Protein chains: 2
Amino acid sequence: MDRTDDSLIALRRILRSTELYSRDLALSAGVTPAQLRVLQIVVAKGGSTTPKALATQMGVSQATVTALLDKLQKRKLIDRVRSEADRRQMNIIITDDGLATTDSAPDALQQRYVKEFEKLPDWEQAMMVAVLERVASMLDAGDIDASPVLTIGDLHTDRTSH
Amino acid sequence: MDRTDDSLIALRRILRSTELYSRDLALSAGVTPAQLRVLQIVVAKGGSTTPKALATQMGVSQATVTALLDKLQKRKLIDRVRSEADRRQMNIIITDDGLATTDSAPDALQQRYVKEFEKLPDWEQAMMVAVLERVASMLDAGDIDASPVLTIGDLHTDRTSH
DNA sequence: TCATTTCGTTCGATTGACTAACTAACAACC
DNA sequence: GGTTGTTAGTTAGTCAATCGAACGAAATGA
């Protein structure tokens with residue numbers, strides 16, 4: 001029918017697959033999706049960060065982050081340590097149990113996607129990156145700064161997509 | 001430069017934008033995302049359907065649908081009418097106010113995306129569709145029932161395959 | 001110094017989701 | 001008919017995630 005519809009349908013499939021995976025991954029890791037996201041961000045930041053940074057990156061309020069951290073701390077997946085440099089800040093530290101939890105998240109989405117992506121010829125990879133970035137910029141409001149860590153997998157890079 | 005990371009980052013930006021927009025969208029229509037999604041499905045079904053059908057399509061329990069319908073009915077966006085054919089069933093009928101709500105839902109994400117997409121030259125549209133469908137199939141488990149309505153609520157649809 | 005801002009938390013509320021238990025209606029069957 | 005089982009929807013109770021508002025403690029700056 002229409003190319004616009006085709007592209008919307010494909011986009012929707014992408015969104016839905018990702019969401020479904022993220023739920024399954026979180027549940028099989030024994031935490032909720034939001035909690036797993038927190039753990040993954042802390043890991044991506046090198047094992048420690050602050051509630052403020054988490055709230056910004058996740059796009060939720062500090063109050064929400066506090067609630068999530070309460071649950072994670074109660075289960076000993078993270079620790080809170082007051083910062084020496086700025087005593088208003090709390091350092092959120094991932095524990096060994098927390099690391100084990102993120103490690104045990106199978107992350108099937110990333111594995112499958114990455115595996116298939118890397119099988120593609122060079123020109124096709126380049127084309128896909130170009131198109132995805134174009135779509136992202138078409139959707140991106142511009143006032144969005146945080147690049148959230150979803151359950152697609154860890155990225156070595158830590159950019160704030162502009 | 002790592003193309004795999006670049007593509008994952010772009011994907012995350014896409015997911016992120018969609019998620020943020022879906023919130024604003026529903027709020028500016030004066031209903032919550034889940035409630036808007038109920039209204040949209042009822043409209044898509046021709047203005048009337050049953051709670052059971054809604055629950056199936058949304059991938060949530062009937063109890064959840066009942067709670068959503070309670071709120072929508074209290075605001076006179078839908079009506080409940082007991083079926084004559086099978087008196088166990090309720091027909092969920094959208095009201096004029098409900099129709100007005102779905103019509104006024106700006107759906108900024110889709111509108112902006114569509115507007116920009118349709119400005120692109122033909123070959124570029126074709127390339128984008130091809131890439132998006134490829135990504136979708138790389139992510140997709142295989143079960144699809146995608147419509148060209150891009151709302152985040154659809155992410156919870158139809159988890160029968162998991 | 002003192003006002004302002006920032007950081008994190010607490011509190012109260014709402015939304016959306018679940019399960020379990022219930023009522024009402026239909027469908028078979030003997 | 002009456003009994004049994006299934007299906008549709010609701011009710012009740014619970015929980016996670018989220019928000020805004022109000023707060024105390026700490027840093028900043030005029």
Side-chain angles (χ1 to χ4, degrees), chain A residues 19-20 22-23 26-27 29-39 41 48-75 77-93 148 150, chain B residues 19-20 22-27 29-39 41 48-75 77-93 151-159 162:
Chain A
E19 167 67 16
L20 293 184
S22 91
R23 236 206 244 179
L27 290 185
V31 291
T32 63
Q35 290 168 18
L36 180 59
R37 216 155 74 229
V38 169
L39 292 179
I41 292 176
S48 133
T49 186
T50 65
K52 171 69 171 183
L54 283 166
T56 303
Q57 186 145 8
M58 296 176 70
V60 300
S61 69
Q62 278 195 336
T64 300
V65 170
T66 294
L68 291 172
L69 292 176
D70 285 348
K71 285 165 194 156
L72 291 172
Q73 188 176 29
K74 203 173 294 178
R75 298 189 44 193
L77 301 179
I78 58 112
D79 269 332
R80 282 174 163 117
V81 179
R82 189 162 291 279
S83 162
E84 285 303 316
D86 182 340
R87 298 187 52 73
R88 291 168 306 180
Q89 289 189 330
M90 295 297 293
N91 285 129
I92 306 304
I93 318 269
L150 300 170
Chain B
E19 187 185 332
L20 291 184
S22 79
R23 272 194 223 163
D24 295 350
L25 175 163
L27 289 186
V31 291
T32 62
Q35 290 167 17
L36 179 59
R37 187 148 168 269
V38 169
L39 292 179
I41 292 177
S48 135
T49 186
T50 66
K52 171 71 171 181
L54 282 166
T56 303
Q57 177 142 6
M58 295 175 70
V60 300
S61 69
Q62 277 196 345
T64 299
V65 170
T66 294
L68 292 172
L69 292 176
D70 285 348
K71 285 164 194 158
L72 290 172
Q73 188 176 30
K74 202 174 295 177
R75 298 188 42 195
L77 301 178
I78 58 111
D79 269 333
R80 282 173 163 117
V81 178
R82 189 163 292 280
S83 162
E84 284 304 314
D86 183 339
R87 298 188 53 74
R88 291 170 304 181
Q89 289 188 330
M90 296 297 293
N91 285 129
I92 307 304
I93 318 270
T151 57
I152 198 77
D154 292 332
L155 296 180
H156 296 283
T157 301
D158 192 6
R159 308 195 67 254
H162 290 92

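Order of the sequence lines fixes the chain letters, A, B, ..., with proteins taken first and strands second; residue numbering starts at 1 for each chain. Being a predicted model, the structure only gives us computed values, none of them experimental.
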Return no unless some side-chain N or O of A:Ser61 is found under 4.0 Å from OP1 or OP2 of D:dC19.
yes

D:dC15 phosphate, OP1 or OP2: any side-chain N/O from A:Lys71 under 4.0 angstrom?
no

Distance, nearest 0.5 Å, that separates OG1 of A:Thr56 from CD1 of A:Ile41
10.0 Å

Taking the side chain of A:Ala63 as heavy atoms from C-beta outward, which of D:dC19, D:dA17, C:dG8 is closest to it?
D:dC19

In the structure I gave you, are the side-chain heavy atoms of A:Met58 and A:Leu68 within less than 4.5 Å of one another anywhere?
yes

How many whole angstroms separate atom CE of B:Met58 from atom C1' of C:dT15?
12 Å

Has A:Arg88 got a side-chain N or O lying under 4.0 Å from the OP1 or OP2 atom of C:dT5?
no

Should A:Ile92 and A:Arg80 count as side-chain neighbours, where that means a heavy-atom distance under 4.5 Å?
yes

For the residue pair B:Gln62 and B:Thr50, establish whether any side-chain heavy-atom pair is separated by less than 4.5 Å.
no

Closest of D:dT18, C:dT19, D:dG9 to the B:Thr66 side chain is D:dG9

Just call it for A:Arg80: base, sugar-phosphate, or nothing, with non-hydrogen atoms closer than 4.0 Å on any strand.
sugar-phosphate

With a 4.0 Å limit, can you tell me whether A:Thr64 has a side-chain N or O closer than that to the phosphate oxygens OP1/OP2 of D:dC19?
yes

The answer to which of A:Ala85 and A:Gln35 contacts DNA chain D further toward the 5' end, by nearest nucleotide, is A:Gln35

Quickly work out the A:Asn91 CG to C:dC7 C1' distance and round it to whole Å.
12 Å

Atom pair distance, as rounded to whole Å: CG in B:Asp86 and P in C:dA27:
7 Å

From the candidates D:dT18, C:dC7, D:dG9, the one with an atom nearest any side-chain atom of A:Ala67 is D:dT18

Measure from the side chain of B:Val60, starting at C-beta and using heavy atoms only, and say which of C:dA17, D:dT18, C:dT9 lies closest.
C:dA17

Under a 4.5 Å cut-off applied to non-hydrogen side-chain atoms, are B:Val38 and B:Val31 in contact?
no

Give the rounded distance in Å between these two atoms: CD of A:Gln89 and P of D:dA26.
13 Å

Phosphate oxygens OP1/OP2 of D:dG9: is one of them under 4.0 Å from a side-chain N or O of B:Arg87?
no

Atom pair distance, as rounded to whole Å: CG in B:Leu54 and P in D:dT7
19 Å

Would you kindly compare B:Ala53 and A:Thr32 by the position of their nearest DNA chain D nucleotide and give the one closer to the 5′ end?
B:Ala53

Short side-chain N/O contact to D:dA8 OP1/OP2 from B:Gln62, under 4.0 Å:
no

